[in-house]
Peer 1: 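The following block contains the structure, expressed as C-alpha cells.
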Amino acid sequence: MTNQVGIDMNSDGEGDDLLQYNPNRLLDTLIENLRLKNDAALSRALEVAPPVISKIRHHRLPVGASLLIRMHEVSDLSIRDLRYLMGDRRAKFRISDKQFKPKDKKDGKDEAKS
C-alpha cells in the first residue's frame, strides 16, 4: 500500500532508513510539498516561531501533538503519513494509568510541625 507521499508502507526492510526517528525527513517533505523556500517559510506556514523548527531539526524538541495537527491542516497529509515520515511506527499510543492517579501524600510531610 502506498500513502499520499508515495511511500510503500508495507516495506519492512532491515536497512530501511525510514525506520529511524528523523524529524528532518518530515520537515523537508513539508517544505517540498508546500513549495516553500526554507525553514523560516515553514515556520510562518505552521504559525510557530522559527526556533521551534530549528530545535526539532536538532532533536532538542519533539514534534508535539498540536504541531502535528497543524502540519496536517496545512499540508492535507494524514496524521499517519506525517508520523510515518518522521519515523514513528507505533500502531497505538498507550497512556500509563499512573498519569491519571493523584500523587500519594507522604505521612508527616503534610502535617504541620508542633
Peer 1: Would you mind reporting whether N22 and M86 have side-chain heavy atoms less than 4.5 Å apart?
Peer 2: no
Peer 1: Could you state the interatomic distance from OG1 (T29) to CG (L82), rounded to the nearest 0.5 Å?
Peer 2: 9.0 Å
Peer 1: Let me confirm one number: the CG-CD1 distance from L67 to I56, rounded to the nearest 0.5 Å.
Peer 2: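 Separation between the atoms: 5.0 Å.
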Peer 1: What pair of heavy atoms forms the shortest contact from P23 to V63, and how long is it?
Peer 2: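 Answer, listing the atom of P23 first, then V63: CB-CG2, 4.3 Å.
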Peer 1: If we ignore hydrogens and angles and just use 3.5 Å, is the side chain of S54 paired with the main-chain N or O of P51 as donor and acceptor?
Peer 2: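 No.
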Peer 1: Looking only at heavy atoms, what is the nearest atom pair of L36 and A45, with distance?
Peer 2: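 Looks like CD1-CB, 4.2 Å.
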Peer 1: State the CG-CG distance between L27 and L85, to the nearest 0.5 angstrom.
Peer 2: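 One gets 10.0 Å once the value is rounded to the nearest 0.5 Å.
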Peer 1: Using the ring-ring contact (aromatic ring centres under 6.0 Å, His included) rule, collect all pairs that involve residues 45-65, keeping only residues at least two apart or in two chains.
Peer 2: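 Applying ring-ring contact (aromatic ring centres under 6.0 Å, His included) to every pair that reaches into residues 45-65, excluding sequence neighbours, yields Y21-H59.
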Peer 1: Going by heavy atoms in the side chains, are L26 and M71 under 4.5 Å from each other?
Peer 2: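 Yes; the side chains approach each other to less than 4.5 Å.
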Peer 1: Using a 4.5 Å cut-off on heavy atoms from C-beta on, say whether the side chain of R83 contacts that of L68.
Peer 2: yes
Peer 1: Between L42 and I53, which heavy-atom pair has the shortest distance, and what is it?
Peer 2: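 L42 and I53 have their closest heavy atoms at CD2-CD1, 4.3 Å.
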Peer 1: If the condition is side-chain contact (heavy atoms from CB on, under 4.5 Å), which residues does A65 pass it with, not counting sequence neighbours?
Peer 2: none
Peer 1: Return the set of residues passing salt bridge (charged side-chain N to carboxylate O under 4.0 Å, His left out) with E32 (not counting sequence neighbours), or none when no residue passes.
Peer 2: none
Peer 1: Kindly give the heavy-atom pair with the smallest separation between S75 and L34, and that separation in Å.
Peer 2: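 For S75 versus L34, the nearest heavy atoms are CA-CD2, 4.0 Å.
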Peer 1: Could you list all the salt bridge (charged side-chain N to carboxylate O under 4.0 Å, His left out) pairs where at least one residue sits in residues 47-68, not counting sequence neighbours?
Peer 2: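 Qualifying pairs, neighbours excluded: D28-R57, D39-R57, E47-R70.
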Peer 1: Decide yes or no on side-chain contact (heavy atoms from CB on, under 4.5 Å) for N33 and L77, but give the supporting numbers first.
Peer 2: CA-CA 10 Å; N33 285 355; L77 293 173; 3.7 Å; yes
